[in-house]
Trainee: 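After the structure tokens below, expect a handful of questions from me.
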Amino acid sequence: MKYHIWTIGCQMNEADSGRVAAELDARGFVPTDQAADADVIVLNTCVVRQAAEDRAVGRLWSLKPLKEEHPGKVIALMGCLVGVKPNPALVERFPFVDVFLPPSDPGPLVAHLDGQDLTSEARGIEAEFTAARHALQDEDSPEAAAIGLIDLDGEPEADFAIPHAGPIPAPGDHRIQSTRHLSLHGEPPVTAHVPIVYGCSHACTYCIIPFRRGVERSRPLEEIVAEVRGLVEQGVREVTLLGQIVDRYGKDFPGGRPDLADLLAAVHAIDGLWRIRFLTSHPSYMSDRILDAVAALPKVCEQIEVPVQAGDDEVLANMRRGYTSAEYRRLIAHIRGKVPHAAIHTDIIVGFPGETAAQFQRTHDLLAELKLDKAHLAMYSPRPGTVSSRRMADDVPPAEKKRRLDALDALQAQVLAEINGRQLGETVEVLVEEKYKQRWRGRTRTNKLVFFADDRNWRGKLAHVRITWTGPWSMIGEVVAEA
Ligand code: SAM
């Protein structure tokens, strides 16, 4: 019996697919990269922007003839296209899909394959649980105002915890996430992603994620440590801990502990693991405890992802981000003081409703001034159900959005050429991931892509590489020694 997993979207989705793979591995299935050969086909989807949704839907329609020809194949649709709420319209639109999986939850597929279903009692409990969750997600509801979404006017956060639904590992069972489906044509991956906090309760006006991934809930520390241990046993050397707002890890636990700093220390203690990263942070929740952990724990890489989204205060307020551009500037200076040489990454949305050319220029100026190591750029895409799509006109024309995106892209090329140029002649530590067109490819601790040619097998090893060429997006070097 074979399975095929197709994944689009964020690193959280990649890790979720790994969890589905682990369940299928445990049931004796083997992975294949051909959907036509598979008995179980899983599409793990993303809807954060319209283009991603269109690709997922296109891929899904392409499976319809296969299912018609082979009705015994199981087609599973997973992720943000499905969401955490029941979606009868989706079921009606894609009748050839056998099972729908919310983000991060392989449970319905497991139940389908095992021929089981929830008992009516369990269904009752689930229905109650789901109703409570939906109340929280409805941002205008009194329930949400009382305990749900984070109040950006400085009120304390919600004091509630959602029971954890995932598997708690049995002693000795470290295989929560499988990498077998990723190693079909070679060895297992050197790096992997591990979700540590599911969902998001932050009500950014443009974002569909809280509606599709549910309210924020942190995974137990022991379970995360077990998952990382299992990945290390499979050959992984670097893990990236994931959350929509990763620095809020533990805030839903009693007393707010363990928090991200505690978790970093616990993961750091795992033998055989060499590097740890975490993303994405939110400017309002980056704390000194986290920065001190990054500075103190040698395996934690000097890379901080704090999305700013815009450089204009009115646009930031309309996005309901909860900080000003001046506060963001201060945060960047603070991070640089605490973690010297940290690579700082950001996200930007251009063409948010009402963004004028002058307001966009403030974003441009902010990036030019701060000289950050990476900017993930996106054109605003109205998403159904979000506050911005319901209450704000998508009034920046597509061509103007593209012009703004290109302008920031060109600026970043200049900034990165300058930043990377400073590394010329220096020796950096590279964790080698793969061979690519005769050259080995890996990343520095600050997540810069480095290529080098060498006859030896460097896969999964740390190399000291002297940089001989730099460009904005990558560097080339020569091996000096094994690290
Ligand atoms: N921690 C992050 C933060 O502070 O915003 C959250 C990560 S978010 C789920 C991923 C990125 O997708 C966002 O940073 C944003 O730039 C982009 N994004 C989300 N909704 C979008 C939309 N409607 N249009 C364009 N980009 C969007």
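All figures in this text were calculated on a predicted structure; none of them were measured in a lab. Just so you know, ligand 1 is whichever comes first in the structure, and atom 1 is the first atom listed for that ligand.
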Trainee: Test your reading of the structure: does Ser281 have an N or O sitting under 3.5 Å from an N or O of ligand 1?
Mentor: yes
Trainee: Going from CD1 on Ile290 to CG on Asp259, what distance comes out if it is rounded to the nearest 0.5 angstrom?
Mentor: 7.0 Å
Trainee: Angle between ring planes, Tyr285 versus His202, binned at 30° and 60°: parallel, tilted or perpendicular?
Mentor: perpendicular
Trainee: Pick whichever of Ser381, Gly322, Cys204, Cys80 has a heavy atom sitting closest to atom 22 (C) of ligand 1.
Mentor: Ser381
Trainee: Salt-bridged, Arg219 to Glu227, with N to O below 4.0 Å?
Mentor: yes
Trainee: Can you tell which part of Ile349 has a heavy atom less than 4.0 Å from ligand 1: side chain, backbone, both or neither?
Mentor: side chain
Trainee: At what distance, to the nearest 0.5 angstrom, does SG of Cys200 lie from CZ of Phe211?
Mentor: 10.5 Å
Trainee: What protein heavy atom is closest to atom 20 (N) of ligand 1, reported as residue, atom name and distance in Å?
Mentor: Tyr206 CD1, 3.3 Å
Trainee: Assess whether side chain to side chain donor-acceptor pair (under 3.5 Å) is satisfied between Asp288 and His334, documenting all intermediate values.
Mentor: CA-CA 9 Å; Asp288 279 356; His334 187 64; 2.6 Å; yes
Trainee: With a 4.0 Å cut-off, would you call Arg404 and Asp409 a salt bridge?
Mentor: no
Trainee: Check each heavy atom of His376 against ligand 1 and say whether those closer than 4.0 Å belong to the side chain, the backbone, both or neither.
Mentor: neither
Trainee: Return the closest protein heavy atom for atom 14 (O) of ligand 1 as residue, atom name and distance.
Mentor: Asp347 OD2, 2.4 Å
Trainee: Rounded to the nearest 0.5 Å, how far apart are CG of Asn420 and NZ of Lys448?
Mentor: 4.5 Å
Trainee: Where does Arg383 meet ligand 1, judged by heavy-atom distances below 4.0 Å: at the side chain, the backbone, both, or neither?
Mentor: side chain
Trainee: Starting from atom 9 (C) of ligand 1, locate the nearest protein heavy atom and write down its residue, its atom name and how far away it is, to 0.1 Å.
Mentor: Gln244 OE1, 3.0 Å
Trainee: When rounded to the nearest 0.5 angstrom, what is the spacing between CZ in Arg19 and OG in Ser178?
Mentor: 13.0 Å
Trainee: Below 4.0 Å from ligand 1: does a non-hydrogen atom of His202 turn up there or not?
Mentor: no
Trainee: Can you tell me if Glu305 has a non-hydrogen atom under 4.0 Å from ligand 1?
Mentor: no
Trainee: Please step through side chain to side chain donor-acceptor pair (under 3.5 Å) for the pair Tyr206 and Ser389, ending with a clear verdict.
Mentor: CA-CA 7 Å; Tyr206 51 82; Ser389 80; over 6 Å; no
Trainee: So is Ser388 close enough to ligand 1, meaning a heavy atom under 4.0 angstrom away?
Mentor: no
Trainee: Under 4.0 Å from ligand 1, counting heavy atoms only, is it the side chain of Cys10, its backbone, both or neither?
Mentor: neither
Trainee: So which protein heavy atom does atom 17 (C) of ligand 1 come closest to, and at what separation?
Mentor: Arg49 NH1, 3.5 Å
